[in-house]
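Just so we're on the same page: letters track the sequence lines, and every chain starts at 1. What you see is a predicted model, and the numbers here were worked out from it, not measured in a lab.
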Protein chains: 2
Amino acid sequence: MNTQQQHLDSKKSCAHDFQVSCGNCRLNSICLPFSLEARDVDELDRIIQRSKPLQKGHHLYREGDGFQSVYAVRAGTLKAYQTTDDGREQVTGFYFPGEIVGMDGISKNVHASSAKALETAAVCEIPFASLERLSATMPQLQRHFFQLMSREITEDQQLITLLSKSSADERVAALIVSVSARNARRKLSATQFRLSMSRVDIGNYLGLTVETVSRVFSRMQKMDVLRVDNKEIEILDLDALQRLAEGA
Amino acid sequence: MNTQQQHLDSKKSCAHDFQVSCGNCRLNSICLPFSLEARDVDELDRIIQRSKPLQKGHHLYREGDGFQSVYAVRAGTLKAYQTTDDGREQVTGFYFPGEIVGMDGISKNVHASSAKALETAAVCEIPFASLERLSATMPQLQRHFFQLMSREITEDQQLITLLSKSSADERVAALIVSVSARNARRKLSATQFRLSMSRVDIGNYLGLTVETVSRVFSRMQKMDVLRVDNKEIEILDLDALQRLAEGA
DNA sequence: CGGCGACTTGAATATCTTCAAGGGGGGTGG
DNA sequence: CCACCCCCCTTGAAGATATTCAAGTCGCCG
């Protein structure tokens, strides 16, 4: 890819770039550029702003902030959460590299949730107005973004089903399986990884208390399905875990 | 609106039309045409297919069906639901007139859920390929559809919060408040209406058993917040109900 | 080294579910 | 037109699951 190589070179000259371009990003096959032609990727590249790393605990945006952009996660993990009227927090999702966060702000031009880095993270900012403009001329991009939003919908609905129908064991199993699958998608180990989120966040996300999450981990360890060492997870029996997640 | 009147007349000549056009639809201010100019509405009109009524219990589409279109509800109520691997059903949403159903199919070109009429219903079918094409030339339509999808995301996330954090009373109260608000949006009574869904569907949607839903209704009746007569609901104290929904 | 936050574990309690039984309304067929 | 049946809804009592409260451990950062 000659054009990509040129891009790479031209960008390297700028000391403020933290990553070069979508064209040579390790994640481009699962991220927004997916299914775009090389020349279209370059166009997309031009509207994307790569910012400096986001420190652990810092916010990408907050509930109520004006909506300007969606963000592709490049490194690290984010959590999205809402605060209820009475001050409680609800984690609505975790976002891994290659995934898009911030689409909840489109509807009202205001972010409906906050996004916070669970560990040092990096994101690509995609100004939504530019994305809309580009989408009008690039049908594939328009389609792909529709698909990404639709995927967010179906994933939320899966979580709804999980919260509505499943026991504590099933919920935790489903989360671990999900993290495992998303790791595999990025060519990382599906069976050994570090959970970037705390037990509190997990419980919050799954509608359980910390204590319950902890107990479930212990139980699964006793069943030789998992090996848990603080945040380090090793899946010993992925099949069993999947069966658990589906309510066996 | 002269163009609308013409439209109306020209359509009336066709005996198979069940409704005339977006231009004179009672719901156009809350439905897809929202924020479009009159001439754009006409263009939208041309791609929309108005079908004959959908009988109670019949499916608009089923999980696994190829995705072709999204649908605007014109009359009646639909429920969307998924079937889990072990055969259980999860209701993921109720759809009232003016609302769009079927967006979950965009992501994989296959419907991720089924949609079924809870009472005799009518829908406007919007072929998605045409909508995409039109969106490329009508920025407002593109934007509005992005917004509708984003709204579905934020609504799903609200349901997630409800399922994750709220007691049975709060869940039921929230549903009633939601139905009330959606009625008001259509200029119907916010305090008196007929619930088109069964207790089973309500429980399924809210992650509760039928019995629990029934008990909650009874309790609220005793508290003089609601008057419940089978499916007929009268809200006696909307404030109290809202406070309940927010966890008072 | 000290302290604080995150995690684990146990016992008591609450909420919701499950199981069981009965009432009522609408539709169908006699 | 009435009777019957089926489905939906309601209510009660027993039981299960997760929460709450409480205490203690572990690891990390200052």
Just the atom pairs and distances: protein N or O near nucleotides 19-23 of chain C's N or O, under 3.5 Å.
from   : atom 1 : to       : atom 2 : distance (Å)
C:dC19 : N4     : B:Glu211 : OE2    : 3.1

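In this structure, B:Gly203 reaches neither bases nor backbone, as no heavy-atom distance under 4.0 Å exists between it and the strands shown. Nucleic acid contact for B:Val200: sugar-phosphate only, since backbone atoms but no base atoms lie under 4.0 Å from a heavy atom of the residue. B:Ser198 comes within contact range of the sugar-phosphate backbone alone, with a heavy-atom separation under 4.0 Å but no base atom that close.
In this structure, the CZ atom of B:Arg171 is 12 Å from the C1' atom of C:dT17, given to the nearest Å. Taking atom CG on B:Asp169 and atom P on C:dA14, their separation rounds to 16 Å, with Å as the unit. We find that NZ of B:Lys165 is positioned 15 Å from P of C:dC16, with the value rounded to whole Å. When the P atom of C:dT9 is taken as reference, atom CZ of A:Arg199 falls 10 Å away, rounded to whole Å. What separates CG of B:Asp229 from P of C:dG25 is a distance of 8 Å, to the nearest Å. Atom-to-atom, NZ of B:Lys231 to P of C:dG24 comes out at 18 Å; the value is rounded to the nearest Å. As rounded to whole Å, 15 Å separates atom C1' of C:dA6 from atom CD of A:Glu232. For the pair A:Arg194 CZ and C:dA6 P, the computed distance is 13 Å after rounding to whole Å.
For the residue pair A:Thr77 and A:Glu119, a side-chain donor N or O sits within less than 3.5 Å of a side-chain acceptor on the partner. B:Asp104 and A:Thr154 share no side-chain donor-acceptor pair at under 3.5 Å. A donor and an acceptor atom, one from each side chain of B:Ser107 and A:Gln147, are nowhere located under 3.5 Å apart. In summary, the side chains of B:Asp169 and B:Ser167 do not present any donor paired with an acceptor at a separation below 3.5 Å, with no hydrogens or angles considered.
Of the listed residues (A:Lys187, A:Arg186, A:Arg185), just one forms a side chain to side chain donor-acceptor pair (under 3.5 Å) with A:Asn183, and that residue is A:Arg186.
The stretch residues 75-83 of chain B has no heavy atom under 4.0 angstrom from DNA chain D at all.
Nucleotides of DNA chain D that come within less than 4.0 Å of any heavy atom of chain A span, from the 5' end to the 3' end, D:dA18 to D:dC21.
Here the OG1 atom belonging to B:Thr209 is positioned 11.0 Å from the CG atom belonging to B:Asn204, to the nearest 0.5 angstrom.
Taking 4.0 Å as the cut-off between side-chain N and carboxylate O, A:Glu232 and A:Arg194 count as a salt-bridged pair. For A:Arg50 and A:Glu125, the salt-bridge test fails: no basic side-chain N is under 4.0 Å from an acidic carboxylate O. A salt bridge does not link B:Glu89 with A:Lys165: every distance from a Lys NZ or Arg NE/NH1/NH2 to an Asp or Glu carboxylate oxygen is 4.0 Å or more.
The residue among A:Val213 and B:Phe217 whose nearest nucleotide of DNA chain D is located toward the 5' end is B:Phe217.
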Subject >> A:Gln90 vs B:Ser164, side chain to side chain donor-acceptor pair (under 3.5 Å): CA-CA, chis, key distance, verdict >> reply: CA-CA 8 Å; A:Gln90 170 65 42; B:Ser164 181; 3.0 Å; yes
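By the 30° and 60° cut-offs, the orientation of the rings of A:His111 relative to A:Phe67 is perpendicular.
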